[in-house]
Protein chains: 2
Amino acid sequence: MKAEKGADGTKPALRERHGTARPRMADVARIAGVSTATVSRALRQPELVSPQVRGKIEAAVEHLSYRPNLMAGALASARSKTIGVIIPSMINAFFSVTLEAIEEGLAGAGYQLLIGNSHYELESEERLIASMLAWSPAALVITGCRHSRGAMRALLDTDVPIVEMWELTDNPIDTAVGFSQRDIGVAVARHFKERGARRLGFVGAMHQRDYRADARRAGFFETAQSIGFEPPAEVQLPGLPTSVRGAKAFAELIAGHPDVDAVLCTNDVVALGALFEAQRLGWSVPDRLKICGVGDVDFAAACEPGLSTVSLPRRAIGLKIAEVLRERIAGRLPTGGVHDLGFELVRRGST
Amino acid sequence: MKAEKGADGTKPALRERHGTARPRMADVARIAGVSTATVSRALRQPELVSPQVRGKIEAAVEHLSYRPNLMAGALASARSKTIGVIIPSMINAFFSVTLEAIEEGLAGAGYQLLIGNSHYELESEERLIASMLAWSPAALVITGCRHSRGAMRALLDTDVPIVEMWELTDNPIDTAVGFSQRDIGVAVARHFKERGARRLGFVGAMHQRDYRADARRAGFFETAQSIGFEPPAEVQLPGLPTSVRGAKAFAELIAGHPDVDAVLCTNDVVALGALFEAQRLGWSVPDRLKICGVGDVDFAAACEPGLSTVSLPRRAIGLKIAEVLRERIAGRLPTGGVHDLGFELVRRGST
DNA sequence: GTCGACGATGATAGCGGTTACATTCGATCG
DNA sequence: CGATCGAATGTAACCGCTATCATCGTCGAC
């Protein structure tokens with residue numbers, strides 16, 4: 001399926017080096033016949049500069065197609081128009097939506113997102129925090145409220161506004177925006193009870209690394225028992241949660257526990273695998289078996305039957321963060337707080 | 001579903017400002033009893049510094065837990081350990097995988113990814129390019145080979161290595177890493193022919209913005225006709241491609257053209273919607289209807305029947321880019337080239 | 001008419017590193 | 001034994017912009 005022209009390095013690159021040095025603010029100043037201080041002001045606080053001078057400066061900027069060197073500006077002002085965001089996975093669509101919402105909520109303000117992937121590892125997170133702080137970002141957004149000691153020290157030690165997201169805590173470092181992961185498990189257990197389930201099952205993943213998923217599991221198990229179920233039957237996927245693994249794990253689960261009639265899957269992708277597997281096995285959903293996912297990814301509504309799931313405020317988290325950051329950066333709202341954005345159990349055909 | 005403690009801003013933030021200023025290189029130098037030049041060298045080219053001095057410096061760094069201010073370094077050296085990446089969507093899992101692979105391939109080298117979202121808009125891309133170049137990144141990775149005039153000018157004018165990805169071109173600005181979008185359409189049309197399809201259909205999306213998807217469509221239509229099909233029946237989704245919209249668009253398509261017996265969907269998410277819709281309508285797949293997606297997202301293999309699709313080198317693209325960049329940044333491989341990573345038609349039950 | 005206030009602009013000292021160049025000092029060599 | 005050289009280190013001039021403070025009119029008030 002490869003084109004013949006694909007041989008490495010054969011094609012000449014289009015670009016030729018022009019050699020024209022990037023214009024500096026001093027060039028603009030010279031052309032406009034003013035000092036660099038005035039140019040700087042005209043660019044960042046135009047209202048402080050008289051209209052005529054401003055006009056000349058704008059013309060010069062245009063003429064040279066001048067673009068300020070952000071690093072110089074950041075260095076001199078000790079803050080950069082950058083926002084660091086650390087997420088545990090880039091592939092997980094949840095965080096991507098939040099990322100996009102943060103970006104959208106900050107749109108136009110000229111912020112750049114510096115993105116780091118912690119791969120669900122606390123040490124990795126610590127390293128990322130350190131290197132992001134070295135850029136003096138305007139703010140730092142991290143996923144979760146659990147951090148290594150070193151990370152904690154760094155976070156407490158800096159003046160950069162910190163936002164912890166996708167989880168709640170009683171002791172935010174600064175600001176937390178999220179929802180209770182544990183309550184999701186609670187809600188689903190109750191929902192299964194309502195629907196008349198008799199024996200519960202759980203398909204999890206990455207229990208050793210994704211402690212947020214673990215909190216959901218804990219809520220599910222504890223509530224299940226407290227409302228009269230036996231401890232749910234359980235299987236853990238090896239590795240990342242995918243539909244294929246979900247299908248297989250689900251098959252294992254019901255092979256070992258044929259009495260299970262309601263399964264909570266750690267997320268929708270896994271649940272989709274289970275749904276197809278049930279279909280293959282001829283178990284009717286929801287009569288013989290109820291399936292619930294977590295996330296409300298777009299396909300959940302398109303499934304047959306529709307997949308019941310828990311809708312997470314992934315977009316709302318991002319927008320809220322953007323809102324908080326705008327306030328923080330503008331200097332209002334000096335201190336943080338905890339923002340619980342809740343979640344919603346979406347009842348569809350699969351339960 | 002909200003916890004009571006969720007009232008905004010009620011919780012006190014954990015952090016108290018310590019007031020300790022971040023140590024500077026001069027502090028390290030003083031403690032180690034050397035000049036800042038030596039500290040700088042010890043940090044970036046340790047082999048130039050004698051072992052004893054290096055030891056003292058490392059001790060001082062450790063003691064102060066010193067972290068260099070990257071902006072200062074970047075300003076002075078006119079290059080930053082940053083790699084700008086512009087993608088058309090953060091939600092699309094394709095690009096996320098590539099992003100992760102770029103990151104992974106560059107792991108340990110201490111690069112930060114500066115990520116921009118162009119929302120499939122060329123003007124947006126132009127703005128992003130400008131603001132990313134203002135950070136003097138070590139390289140800039142952009143999606144696609146089509147750019148606005150202004151963007152082109154900026155890209156040709158800079159010395160920053162540029163990589164265009166997810167598409168091929170005869171005239172790369174510098175380096176291109178991707179595959180032929182058009183050939184995907186060609187391959188699927190032929191595949192449908194092989195499988196004995198008689199009337200083709202196409203479910204597309206964003207034909208006005210995603211010109212890569214348009215290239216796939218063009219390949220499909222042209223080939224279809226050249227190998228004896230009538231022009232495929234076609235429906236375009238309004239807005240972003242989701243499963244729900246895919247299901248609806250597919251329903252429309254076959255309502256209008258009941259003779260269609262093979263449908264190419266612009267991506268797997270849409271194809272999944274079509275698959276479920278076919279199931280709801282009682283059309284058996286693949287006998288009555290063949291469905292093919294694009295992307296080979298993880299659930300494609302878990303579907304019932306398995307979803308035939310086109311596997312894109314999303315991870316390979318990222319790894320290749322990382323490889324090229326390592327070379328470029330190290331100063332070897334001064335010029336670019338075109339790298340065709342191909343794609344693979346994955347035949348599963350749905351065709 | 002003089003003074004102070006105020007608005008607009010300029011001069012300039014950093015911001016915290018990097019790096020070209022100078023300096024030092026022992027080892028090597030004729 | 002002095003000249004030479006190279007490794008190790010220091011000196012200081014930037015990098016390009018920001019921000020403080022000084023300067024200079026201009027204008028209204030007393």
Side-chain angles (χ1 to χ4, degrees), chain A residues 21-58 60-61 64-82 110 131 133-138 158-160 331, chain B residues 21-58 60-61 64-82 110 131 133-138 158-159:
Chain A
R22 233 146 137 346
R24 292 151 310 154
M25 188 177 275
D27 300 323
V28 176
R30 192 161 23 73
I31 293 194
V34 298
S35 71
T36 60
T38 303
V39 175
S40 178
R41 269 189 296 260
L43 262 32
R44 21 189 38 246
Q45 311 178 73
E47 70 280 5
L48 294 184
V49 176
S50 71
Q52 316 96 295
V53 174
R54 206 190 307 160
K56 279 193 291 189
I57 291 176
E58 279 161 9
V61 165
L64 295 173
S65 58
Y66 166 74
R67 309 236 89 213
N69 179 322
L70 297 182
M71 288 177 310
L75 176 59
S77 65
R79 79 188 82 105
S80 75
K81 281 232 164 194
T82 275
S131 58
L133 287 179
W135 283 102
S136 314
T158 178
D159 277 349
V160 173
Chain B
R22 231 146 139 343
R24 291 152 310 154
M25 188 176 276
D27 300 323
V28 175
R30 192 161 23 74
I31 292 193
V34 297
S35 72
T36 62
T38 304
V39 175
S40 177
R41 271 189 294 259
L43 261 32
R44 20 187 42 246
Q45 311 179 72
E47 70 280 4
L48 295 184
V49 176
S50 71
Q52 315 95 295
V53 174
R54 205 190 307 160
K56 279 193 291 188
I57 291 177
E58 279 161 7
V61 165
L64 295 173
S65 58
Y66 166 74
R67 310 235 89 214
N69 179 323
L70 297 181
M71 288 177 311
L75 175 59
S77 65
R79 80 187 80 105
S80 75
K81 281 230 161 194
T82 274
S131 57
L133 286 179
W135 284 102
S136 314
T158 179
D159 277 349

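Within every chain, numbering begins at 1; the chains are lettered A, B, ... in the order of the sequence lines, protein sequences first and strands thereafter.
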**Request:** Give the intermediate values and the outcome of side-chain contact (heavy atoms from CB on, under 4.5 Å) for residues T38(B) and R41(B).
**Result:** CA-CA 5 Å; T38(B) 304; R41(B) 271 189 294 259; 3.7 Å; yes

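Contact of the Y66(B) side chain with the L43(B) side chain is registered, since non-hydrogen atoms from C-beta on lie closer than 4.5 Å.
Considering every non-hydrogen atom in both A78(A) and S136(A), the closest pair reads O-CB, 4.2 Å. Closest non-hydrogen pair, E47(B) versus R54(B), comes out as CA-NH2, 4.4 Å. Heavy atoms only, all atoms of each residue included: S80(B) and A74(B) are closest at CB-CB, 3.7 Å. Taking every heavy atom of both residues into account, A29(B) and S35(B) meet most closely at CB-C, 3.8 Å. In terms of heavy atoms, A72(A) sits closest to L75(B) at CB-CD1, 3.7 Å.
Here the side chain of R67(A) pairs no donor or acceptor atom with the backbone of R22(A) at under 3.5 angstrom.
Just one of V39(A), V61(A), I57(A), L64(A) meets the side-chain contact (heavy atoms from CB on, under 4.5 Å) condition when paired with I31(A); it is L64(A).
S35(B) comes within 4.0 angstrom of a nucleotide base, judged by non-hydrogen atoms across all strands.
Across the helix from dG1(C)-dC30(D) to dG30(C)-dC1(D), the helix axis at one end is tilted relative to the axis at the other end by 50° (nearest 10 degrees, each axis from five pairs).
Between the P atom of dT9(D) and the CG atom of L48(B) lies a distance of 10 Å, rounded to the nearest Å.
Protein chain A contacts DNA chain C over a range whose 5' and 3' limits, counting nucleotides with an atom under 4.0 angstrom from a non-hydrogen atom, are dA8(C) to dG16(C).
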**Request:** Scan nucleotides 17-23 of chain D nucleotide by nucleotide, 5' to 3', and note B when protein non-hydrogen atoms come under 4.0 Å of the base, S if they reach only the sugar-phosphate, - if neither.
**Result:** BSB----

